[in-house]
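Computed over heavy atoms, backbone and side chain alike; hydrogens, waters and symmetry mates excluded.
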Amino acid sequence: MKSLSTLFQQKHQYGKRQRCPNIGRLVPFMLPLVFIATIFSTIFLLYSPNPLAIISKEGLDSFFRHEQPQGLDSVPEQLTKEQPQAGLDSVPEQLMQGHDSVEKQFQEHDQHPDQKSKFLNSPFFQEHDQHPDQKSKFLNSPFFQEHDQHPDQKSKFLNSPFFQEHDQHPDQKSKFLNSPFFQEHDQHPDQKKKDIKCDLFKGHWVRESREHLYTNSSCATIPESKNCFKHGRKDRHFLNWRWKPDECELPRMDAKTFLQMVQQKKMAFIGDSVARNHFESLLCLLSQEEIPKDVYKDSEDRFRTWYFPRHDFTLMVLWSKFLVAGEERMINGTGSGAFDVQMDKVDINWAKYLPDIDYAIISAGHWFFRLLYLHEGENITGCVYCNEPNVTGQNVDFALRMAIRAAFNYINECKNCSAHLVTLLRTFAPAHFANGFWNTGGNCNRTAPFGEKEIDLGSSFDWQVRNVQVEEYERAKKVGEKQGKRFGVVDVTRAMLMRPDGHPGEHWNKWKEGYNDCVHWCIPGPVDTWSELFMAVLRKEAGLT
């Protein structure tokens, strides 16, 4: 009796002997069919509207290592071959079309923060983030343009698991939103239309418990008079507010991007001690990215120069009480508190530096609230607070207007200044003395901002001073544009009218006991917002990215 295995082997061998002759008889018919199939396959591959993306094993491996060997140049080229309706969600699917395993791995990446972090820190993403030319090419690609015109697709991306997961990490989100890529995207024409409608300077303060960009311990250049925590200020809640424009968002200060924008340039803050206050705040912000060198200080510590060697960037403060020439009247060698101000002559102490400056930030105001005798040539043309019968009395805003006009005229008429000079006006920053003046016991003890309804712009003399400044800026800009000059305004007045809590008050130099400082601003403090506004304006007026 034959075993089962023997029967199976005989049956299997018999099948082979029976099938072989049949296959031989089919050969003449199969060859024409193969030939015809080959022709149709070739036609299909050549004329198919959606050809398959063929990617080598090496290409797939490099993608999952996040190392695009071809750089960003290849991204738009790959993306634009696909259907225009494909939104950002489908980018990996487009790149890997026809490879289900690839799509599966990307979905895993999309759900895992560690994988996502690896992608964000990959050479591909970093390279993209640091090469404006490549980035610009991507932003101008048909794919991006198509995406940018389809709100539904954009909304789909913003609500995707990847973005939502990314959105759960404030530090990563802030870094992405302030990255050069996002800022460049923010300059896209459609975004610009939105930006034009958005007034950065009209808004309100919102509470936000985010960590401040620096502390009085991490910044070594804070002057004694602005180091409020060192001098006993206990409350820190005044740091937990950010300026929120009504119709958009103000990007947070990014020292790295700022220094990249101004590398190989010279910037000067021109004005009084409040201009110095802004300069000192910016110095602290930038020093978190690069420690600058102190390269110049005059005998009175009013003219200072700091240099950032890695970025070849020079930051200066040029002291000027009035922007125009002015001297205090002396009586027996003692200052009288009265000043002679030459309204038709700029202060040469700052003007002599102008030809070497790329960015000039002009400000003035607080010194005009004094007894002033206004001169044009050899003649006294008026006075402020003098009440003399033979001299025409003028208001503070008149004297300030004439001084700012003289400074702007000088800049517009400067023949040896840089053709790329950008002049920015920083508007008046108000004082907040309550229960008296600076010399009669006035103080500023609030620990929280005012709300919008708590300030009355219509009756505010500070707002009137600001309006005078802006009017002169607009006049100078109109004249300067015909000569290729560039002007901008950093309007801080409204925002700072709401911040009586930001001054040193009693928390400054002890030898000044009895005198509360409600003019200058604590560092760190709300004054740091000026640099966020400043950076946004600089991008727009100087065309910087």
Is it true that a side-chain atom of [X] and a backbone atom of [Y] form a donor plus acceptor pair closer than 3.5 Å?
X      : Y      : answer
Ser287 : Leu283 : yes
Ser336 : Arg329 : yes
Lys244 : Cys248 : yes
Gln263 : Asp312 : no
His375 : Val341 : no
His366 : Ala429 : yes
Glu328 : Gly337 : yes

Subject >> Contacts of type side-chain hydrogen bond (donor to acceptor under 3.5 Å, both in side chains), residue His212, not counting sequence neighbours >> reply: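 Expected list: Asp528.
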Between [X] and [Y], which heavy-atom pair has the shortest distance, and what is it?
X      : Y      : answer
Pro309 : Ile291 : CD-O, 4.5 Å
Pro504 : Trp508 : CB-CB, 4.2 Å
Ala351 : Pro355 : O-CD, 3.8 Å
Trp319 : Asp272 : CZ3-C, 3.6 Å
Leu250 : Ala536 : CD1-CB, 4.3 Å
Arg210 : Asn240 : O-OD1, 4.1 Å

Original post:
Looking at Val262, Val422, Ile357, which one forms a side chain to side chain contact (heavy atoms under 4.5 Å, CB included) with Met267?
Top reply: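 Of all the options given, the one that passes is Val262.
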**OP:** Please say which of Ile523, Asp254, Leu213 ends up in a side chain to side chain contact (heavy atoms under 4.5 Å, CB included) with Leu285.
**Re:**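 Going through the options one by one, the only one that passes is Leu213.
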Under a 4.5 Å cut-off applied to non-hydrogen side-chain atoms, are [X] and [Y] in contact?
X      : Y      : value
Leu282 : Trp306 : no
Phe258 : Met535 : yes
Glu208 : Trp241 : no
Val468 : Phe428 : no
Leu497 : Phe450 : no
Tyr359 : Leu421 : no
His520 : Val274 : yes
Asp344 : Gln342 : yes

Salt bridge (charged side-chain N to carboxylate O under 4.0 Å, His left out) partners of [X], counting only residues at least two apart:
X      : result
Glu300 : Arg302
Arg446 : none
Lys230 : Glu224

Are any of the side-chain nitrogens in [X] or [Y] under 4.0 Å away from the carboxylate oxygens of its partner?
X      : Y      : result
Asp501 : Arg233 : no
Glu474 : Lys478 : no
Arg304 : Asp294 : yes

Rounded to the nearest 0.5 Å, what's the gap from [atom1] on [X] to [atom2] on [Y]? Could you check?
X      : Y      : atom1 : atom2 : value
Lys265 : Leu315 : NZ    : CG    : 15.0 Å
Trp243 : Trp205 : CH2   : CH2   : 7.0 Å
Gln469 : Arg401 : CD    : CZ    : 10.5 Å
Leu200 : Glu249 : CG    : CD    : 10.5 Å
His507 : Cys228 : NE2   : SG    : 7.5 Å
Ser209 : Arg236 : OG    : CZ    : 13.5 Å

Any ring pair (Phe, Tyr, Trp, His ring centres under 6.0 Å) pairs touching [range], not counting sequence neighbours?
range            : answer
residues 321-358 : Phe322-Phe339, Phe322-Phe368, Phe339-Trp367
residues 454-475 : Phe369-Phe461
residues 392-427 : Phe408-Phe487

Original post:
Is the distance between the ring centroids of Phe238 and Phe229 under 6.0 Å?
Top reply: yes
**OP:** Would you check if there is a donor-acceptor pair between the side chains of Asn216 and Asn227 at a distance under 3.5 Å?
**Re:** yes
Subject >> Between Thr447 and Asp235: side-chain donor-acceptor atoms closer than 3.5 Å >> reply: no
Original post:
Once the angle between the rings of Phe269 and Phe279 is folded into 0 to 90°, is it parallel (under 30°), tilted (30 to 60°) or perpendicular (over 60°)?
Top reply: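 Rings of Phe269 and Phe279: perpendicular, over 60°.
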Original post:
Any idea how Phe534 and His278 line up, ring-wise: parallel (<30°), tilted (30 to 60°), or perpendicular (>60°)?
Top reply: perpendicular
Which atom pairs, donor and acceptor, lie under 3.5 Å between side-chain atoms of residues 378-393 and protein residues at least two apart or in another chain?
unit_1 : atom_1 : unit_2 : atom_2 : d
Thr381 : OG1    : Leu374 : O      : 3.3
Glu388 : OE2    : Tyr373 : OH     : 2.4

**OP:** Keeping to residues at least two apart or across chains, list the salt bridge (Lys or Arg N to Asp or Glu O under 4.0 Å) pairs with something in residues 450-466.
**Re:** Arg466-Asp491
Original post:
Quick one: side-chain contact (heavy atoms from CB on, under 4.5 Å) partners of Tyr296, sequence neighbours excluded?
Top reply: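 Only Asp298, Phe303, Thr305 meet the side-chain contact (heavy atoms from CB on, under 4.5 Å) criterion with Tyr296.
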Subject >> With Arg310 via side-chain contact (heavy atoms from CB on, under 4.5 Å) - residues at least two apart >> reply: Glu289, Glu290
**OP:** Output, in order, the C-alpha distance, side-chain angles, deciding distance and verdict of side-chain contact (heavy atoms from CB on, under 4.5 Å) for Thr427 and Met496.
**Re:** CA-CA 10 Å; Thr427 63; Met496 303 316 288; over 6 Å; no
Original post:
Which residue pairs satisfy the disulfide (SG to SG under 2.5 Å) criterion with at least one member in residues 278-381, sequence neighbours excluded?
Top reply: Cys219-Cys284
**OP:** For Lys345, look at atom NZ and say whether over 12 heavy atoms of other residues, nucleotides or ligands are found less than 6.0 Å away.
**Re:**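 No - once you tally the heavy atoms of other residues, nucleotides and ligands closer than 6.0 Å, there are 12 at most.
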**OP:** For side-chain contact (heavy atoms from CB on, under 4.5 Å), just list the numbers for Val465 and Leu400, CA-CA rounded to whole Å, side-chain angles, deciding distance to a tenth of an Å, and then say yes or no.
**Re:** CA-CA 8 Å; Val465 169; Leu400 179 59; 3.3 Å; yes
